[in-house]
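Labels below follow one simple rule: chain letters A, B, ... track the order of the sequence lines, proteins then strands, and each chain is numbered from 1.
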Amino acid sequence: SLAEKMDQTVRKLRGTDKITEANIGGALKEVRRSMLDADVNLRVVDQLIADVRERAVGSQVVAGVEPGQQFIKIIYEELTRVMGKDAAPLARRAAGSGPTVVLLAGLQGAGKTTAAAKLALYVLLVACDVYRPAAVEQLQTLAGMIDVDVFTADLELGAVEIARRGLTAAEEGKYDTVIIDTAGRQVINDKLMRELRDVKAATRPDDTLLVVDAMTGQEAANLTRAFNDSVGITGAILTKLDGDTRGGAALSVQSVSGKPIKFVGTGEKVEKLEPFFPERMASRILG
Amino acid sequence: LGGGSKDLNATLAQLEEVLITSDLGVDTVDSVLADLRADAKAARLTSREDITTCLKDSLVRILLRRGGQDGVADLAVRAKGEGPTVVVVIGANGMGKTTTIGKLATRYRREGKTVLLAACDTFRAAAVAQLQTWGERADAAVVVPKTGQKSAAGVCYDAMAQGVRDDVDVVIVDTSGRLHTNINLMGELKKIVGVVGKFRDGSGPDEVLLVVDASIGRNAVTQARTWSDEVGVSGLVVTKLDGTARAGFVVSVVDELGLPVKLIGVGESVDDLRDFDPVLFVEGLVG
Ligand SMILES: Nc1nc2c(ncn2[C@@H]2O[C@H](COP(=O)(O)OP(=O)(O)OP(=O)(O)O)[C@@H](O)[C@H]2O)c(=O)[nH]1
Ligand SMILES: Nc1nc2c(ncn2[C@@H]2O[C@H](COP(=O)(O)OP(=O)(O)OP(=O)(O)O)[C@@H](O)[C@H]2O)c(=O)[nH]1
Ligand SMILES: [Mg+2]
Ligand SMILES: [Mg+2]
């Protein structure tokens, strides 16, 4: 673990009264390697290391605190600072002002359709993936397991029109939340990115959540920036955290967008969704 | 930095950034750049162009040497009269297995082969319907679970029996997404592979293809290693290379495990399947 690798640093710092560049240089290198191994984006790592260096170098070693531990604590605090202090809830419209609208977006296979069903409470799900074979059936099957309604319409109408009609159906049906599932898309596909912007414009969501696979590598920063610049997101859902990936993508997503990860997926079943806890993620990334 | 001209160091620093952001991983990058430094000094290369070309050549050499005969890693074909060629497709959730099978089935059909698909994902919502749609597109028969049949190995058995009885050329087995940390699902996969062996005096499938999404980070290497140790993997399929992700994990997987990349996915349509080309791949990696 990173803590074990830091033993060298701890030994160097013992008996000193100040943390200097000389005595933590090696440790910072080790932290950089470890975070890259955890799939944190290179630019995000370098920014974090710079922030840690600035805080640590020159700081007095606190009496009674192991200097190595103090150093690790600084890293951990900088990490959690980026990831936000508390769990961020789903947006909620005031009662009587129409349904809360949540739009889900992301790359292919990230877990959007599964997440749509997981988020469902008193909800209308709207099936706007008109491309993937059996996408609508998948959402209907998931919804059927938890007794939630799905709005569907002829695929030929296209995603934007289906979203529009779904919203109308939600308002008329007095649903308090609408969750819009969309097709996976690559950020360099201009036509599909435009479709997503049009779906958003037609439905004015209260939350636009980017769904990201926790195993994503360096690309997590690029895809977040692209979705945020092109469409605008209010938060993210990180999926497949039941695996053994360290999940550095979490740091990249939050750092690049400035928006919080609101939920994490921890399994394939519909009940496997939890709120995001920054400290837990920080420990996991640091390994 | 180990000695060398200022130009060499500057170029190596730039290349380090390119390779890390392409998901090669720090350890692989360190070893590749150490060799590059030695090669560049020995050949007295100083221009960024020459050093970059040297890097690309050595990466292609790694992929060729470790990745299969002449880098053209063909799919195995069973001899005539020995029953169907069997390809089992595995991988984490959402990587592109089912879609790849649809494309592969089409390729075989265009070669004049008869194809049978085994829908062994008995868990996920609409997984069977999705594969059936691909079967129609590819003009391949699909064996689906019987009503209430939950055993993936049982469906595989039915498919093998039909494939042998109808003297089909190729049987392709679709499996549910599974994380390599899930012991139960690992056991299920071993059962599926064991069933194939029952129809051919104990020898396993002709291909066990591990499908990995190009945007996955270092976890791809752990996946490849674990599945390779547990069930044996004959080759990799890298999907979603039509996006911005460069799949640098391929270098580690090929170099450390000697697994060849057999196919790549470059889109969601039936024609978006290509043979792996190490030269083109390295071009995309290094730019
Ligand atoms: N292990 C695990 N699997 C998950 C999780 N969330 C989703 N999945 C699985 O990931 C796969 C992809 O999920 P989908 O919901 O189809 O993903 P999607 O983003 O809608 O995919 P496209 O519509 O094709 O872009 C499925 O096999 C899901 O069961 C999770 O938290 N953990
Ligand atoms: N852009 C792009 N999308 C792809 C490619 N291959 C698959 N996809 C998409 O990725 C998503 C997931 O594909 P699936 O074939 O369902 O993946 P899977 O591995 O079978 O998923 P599970 O069975 O749920 O584990 C779908 O939206 C596919 O259309 C590819 O090469 N490029
Ligand atoms: Mg979907
Ligand atoms: Mg599948």
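Taken to the nearest 0.5 Å, the CD atom of B:Glu16 stands 7.5 Å off from the CG atom of A:Leu42. Distance check: A:Asp242 CG to B:Asn182 CG gives 8.0 Å after rounding to the nearest 0.5 Å.
The shortest non-hydrogen separation linking A:Asp39 to B:Gly217 is OD1-CA, 3.4 Å. Heavy atoms only, all atoms of each residue included: A:Gln218 and B:Thr21 are closest at CB-O, 3.4 Å. Between A:Glu219 and B:Ser215, the shortest heavy-atom distance links the atoms CB-CB, 4.5 Å. Here the shortest heavy-atom pairing between B:Ala125 and A:Gln138 reads O-CG, 3.5 Å. Minimum heavy-atom separation, B:Gly243 to A:Gln186: CA-OE1, 3.2 Å. Between B:Asp23 and A:Gly217, the closest heavy-atom pair is OD1-CA, 3.5 Å.
Under 4.0 Å is where a charged nitrogen must lie from a carboxylate oxygen, and between B:Arg178 and A:Glu268 no such pair does.
Taking 4.5 Å as the limit, some side-chain heavy atom of A:Leu36 sits within range of a side-chain heavy atom of B:Ile20. For the pair A:Leu223 and B:Thr244, the minimum side-chain heavy-atom distance is 4.5 Å or more. Between B:Lys240 and A:Leu107 the shortest side-chain heavy-atom distance does not fall below 4.5 Å. In this structure, the side chains of A:Asp244 and B:His180 come closer than 4.5 Å at one or more pairs of heavy atoms. The side-chain heavy atoms of B:Asp30 and A:Arg33, taken from C-beta on, include a pair separated by under 4.5 Å.
Heavy atoms from other residues, nucleotides or ligands lying under 6.0 Å from CZ of B:Arg274 number 12 at most. Other residues, nucleotides and ligands place no more than 12 heavy atoms under 6.0 Å from the CG atom of A:Asp147. The number of heavy-atom neighbours closer than 6.0 Å to CD of A:Glu271, taken from other residues, nucleotides and ligands shown, is above 12. Atom NZ of B:Lys56 is surrounded by more than 12 heavy atoms from other residues, nucleotides or ligands within 6.0 Å.
Ranking B:Asn93, B:Leu179, B:Leu131 against chain A, the residue ahead of the rest is B:Asn93, based on heavy-atom pairs under 4.5 Å. Contacts with chain A were tallied for B:Thr133, B:Thr98, B:Thr181; B:Thr181 has the most, counting heavy-atom pairs under 4.5 Å. Ranked by non-hydrogen atom pairs under 4.5 Å with chain B, the options A:Glu137, A:Arg132, A:Arg43 are led by A:Arg132.
Looking at B:Phe123, only its side chain comes within 4.5 Å of chain A, counting heavy atoms on both sides. Contacts between B:Asp27 and chain A at a heavy-atom distance below 4.5 Å involve backbone atoms as well as side-chain atoms. Heavy atoms closer than 4.5 Å to chain A are found nowhere in B:Ala127, neither backbone nor side chain. Using a 4.5 Å cut-off between heavy atoms, A:Arg32 contacts chain B through its side chain alone, with no backbone atom that close. In this structure, chain A has a heavy atom under 4.5 Å from the side chain of B:Glu268, while its backbone stays farther away. When heavy atoms are compared at a cutoff of 4.5 Å, B:Glu17 approaches chain A by way of both its backbone and its side chain. Of the atoms belonging to A:Asn41, not a single heavy atom falls under 4.5 Å from chain B.
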